[in-house]
2 protein chains.
Amino acid sequence: MTNNLKKLKQVLAKEGLRFTCQREEVWKEILSSGEHRDADEIYHSLREKGISVSRATVYRTIDVLVKYNMVRKLDVGVGPSKFEHKIDISHHDHIICMKCGKIEEFVVNQIENLQERVAEQYSFKLVRHIHQLFGICKDCQ
Amino acid sequence: MTNNLKKLKQVLAKEGLRFTCQREEVWKEILSSGEHRDADEIYHSLREKGISVSRATVYRTIDVLVKYNMVRKLDVGVGPSKFEHKIDISHHDHIICMKCGKIEEFVVNQIENLQERVAEQYSFKLVRHIHQLFGICKDCQ
DNA sequence: CTTAACTTGAGACTCATTATCAATAAGGAT
DNA sequence: ATCCTTATTGATAATGAGTCTCAAGTTAAG
C-alpha cells in the first residue's frame, strides 16, 4: 500500500504536480475496491467517510491516474464512465450485459497478440485499446 | 439503392414506424458517404443540400438504423459519436490515432472467432462489440 | 375524405464533465 | 520556522452531446 502511495508521488512529481491529501484520498478510495465505479460513486464514498473532496478534484485526479495507467477508464456505452484501479490486476477486457449492465472480465492472450500485430501492420505505436463485448447474459435471456 | 430504401421501409414497418421523407433523407445521406461522421455533420450536410430536417430527427432516425444494424455507432473516446453505414461493407474494427484522430479500419477473422468463444464461455448471447486500438500513427510519432 | 395516431422541429432540458476564479495550501528559499 | 510564489481546491457556472416536450403538421388505414 505504501508502494502505491509512492507511485502516486512519483507520478505527480513527473507531471510537476503537488502531492495533496485530496489526491491521496482519491487514489486510496479507488484502490480500496475492485468494483467498476463512476466518478460520482467515488465522490460519494469519500464523502460518506467524512473526507472532504469536490467532484472537480475527483475528476482531475482520475485524469492523472488514467494517464499513468494506474486507473482504467471504462466507457460502458450509456451513463457515466466507470473506473477501476490497475494495481496487482492483470490486464483484462469486458463483456457487458445490455439489459442488466452486469460486467464480466475476460482475457484472451491470443487476441492481445493479434492486436499488437495489427498495430504494427498500420505502423501505429499502440497505447491502449478498448475491447468490449455487448450481449445478453444468461439471466436476462 | 432502391434495395436500401426497401430495407428502411421494412425496418420501419417492423418497428411500427412510418416511412417519412425525413427518415428517407437521413438514410440516403448516411449511405452517400463512407466517412465516419457525427450527427451534426450529417445534419449540416442535409441542410446544405436544402433538405429540411431537424437535429432531433437525425438522432431519432440514426437510433433506429443502429438498432437494425444498418448503421454503426463509433464512440471515439472524445467528442460526439461517429456513424458509418454498414451496407455492402464487410465488418471491421478501428485503429485510431490519439494525436490527429485518423481512423483506419482493420479485420482479423481470428479475433472475431475468439470473441464468439468468449461469449459462449460466459453464456452471453453476443449482440455487438467494440474493438478499438488507440495509438500514435506513423505521421504523428 | 376523415380521422386517429404518428412524426416533426424548435427549443428547453439533462447530465456528465470541464472551466472559472477567489480562497487556501504546498513546499522551496531564506 | 517563516515567507512567498505558485499550484490546488471547491463551489458553482458553463459546456456540449444527446434527449424530451408539445403544438402543429403528416401519414395511411378505413
Side-chain angles (χ1 to χ4, degrees), chain A residues 5 8-30 36-67 71-83 101, chain B residues 5 8-30 36-67 71-83 101:
Chain A
L5 271 192
L8 176 62
K9 280 186 190 173
Q10 286 168 2
V11 156
L12 292 173
K14 208 179 294 178
E15 281 284 290
L17 300 172
R18 289 177 183 170
F19 179 80
T20 66
C21 56
Q22 286 90 340
R23 302 217 239 242
E24 178 182 346
E25 292 296 348
V26 171
W27 178 222
K28 287 200 299 189
E29 179 57 39
I30 293 174
H36 304 93
R37 294 186 294 172
D38 62 42
D40 228 53
E41 285 164 349
I42 292 163
Y43 167 75
H44 280 113
S45 187
L46 283 164
R47 279 315 189 83
E48 274 163 31
K49 290 173 184 167
I51 294 160
S52 167
V53 263
S54 67
R55 238 174 284 260
T57 296
V58 170
Y59 276 108
R60 285 188 285 231
T61 304
I62 287 173
D63 279 351
V64 180
L65 298 172
V66 168
K67 180 168 179 187
V71 163
R72 148 118 71 151
K73 181 176 181 175
L74 238 189
D75 189 332
V76 295
V78 66
S81 296
K82 306 266 189 181
F83 302 95
Chain B
L5 270 193
L8 176 62
K9 279 186 189 172
Q10 286 168 4
V11 155
L12 291 174
K14 207 179 290 176
E15 281 284 291
L17 299 171
R18 290 179 180 166
F19 180 79
T20 65
C21 57
Q22 285 89 341
R23 302 218 239 241
E24 177 182 346
E25 291 296 348
V26 171
W27 178 221
K28 287 201 299 189
E29 179 58 39
I30 293 174
H36 305 92
R37 293 186 294 172
D38 62 43
D40 230 53
E41 284 165 348
I42 293 163
Y43 167 75
H44 280 114
S45 187
L46 284 163
R47 279 318 189 80
E48 274 163 31
K49 290 174 185 168
I51 295 160
S52 167
V53 263
S54 66
R55 240 172 284 260
T57 296
V58 170
Y59 276 108
R60 284 188 287 233
T61 305
I62 287 174
D63 279 351
V64 180
L65 298 173
V66 168
K67 181 169 178 185
V71 163
R72 144 117 72 149
K73 181 176 179 175
L74 239 190
D75 189 332
V76 294
V78 65
S81 297
K82 305 268 187 177
F83 303 95

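To find a chain, count down the sequence lines: A is the first, B the second, and so on, and within it residues start at 1.
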Taking only side-chain N and O atoms of [X], does any of them lie within less than 4.0 angstrom of OP1 or OP2 on [N]?
{"X": "A/S81", "N": "C/dA16", "result": "no"}
{"X": "B/Y59", "N": "D/dT19", "result": "no"}
{"X": "A/Q22", "N": "D/dT8", "result": "no"}
{"X": "A/R55", "N": "D/dA11", "result": "no"}
{"X": "B/R60", "N": "C/dG9", "result": "no"}
{"X": "A/T20", "N": "D/dT9", "result": "yes"}

**Request:** Look at the side chain of B/R23 and the backbone N and O of B/R18, then say whether any donor-acceptor pair between them is shorter than 3.5 Å.
**Result:** yes
**Test log, rule side-chain contact (heavy atoms from CB on, under 4.5 Å), inputs A/L12 and A/T20** = CA-CA 10 Å; A/L12 292 173; A/T20 66; over 6 Å; no
**Pair B/E29 + B/R37: basic N to acidic O under 4.0 Å** = yes
Report the nucleotide, chosen from [options], that has the shortest atom-to-atom distance to any side-chain atom of [X].
{"X": "A/L17", "options": "C/dG27, D/dG10, D/dT8", "value": "D/dT8"}
{"X": "B/S52", "options": "D/dG10, C/dG9, C/dC6", "value": "C/dG9"}
{"X": "A/A56", "options": "C/dA10, D/dG10, C/dT17", "value": "D/dG10"}
{"X": "A/P80", "options": "C/dA26, D/dA28, C/dT17", "value": "C/dT17"}
{"X": "A/V53", "options": "C/dG9, D/dT8, D/dG10", "value": "D/dG10"}

In whole Å, what is the span from the [atom1] atom of [X] to the [atom2] atom of [N]?
{"X": "B/Y43", "N": "C/dT8", "atom1": "OH", "atom2": "P", "result": "14 Å"}
{"X": "A/E15", "N": "D/dA7", "atom1": "CD", "atom2": "P", "result": "13 Å"}
{"X": "A/I51", "N": "D/dT9", "atom1": "CD1", "atom2": "P", "result": "14 Å"}
{"X": "A/D63", "N": "D/dT9", "atom1": "CG", "atom2": "P", "result": "12 Å"}
{"X": "A/R23", "N": "C/dA26", "atom1": "CZ", "atom2": "C1'", "result": "11 Å"}

**Request:** Apply side-chain contact (heavy atoms from CB on, under 4.5 Å) to the pair B/Y43 and B/T57, showing each step before the final yes or no.
**Result:** CA-CA 9 Å; B/Y43 167 75; B/T57 296; over 6 Å; no
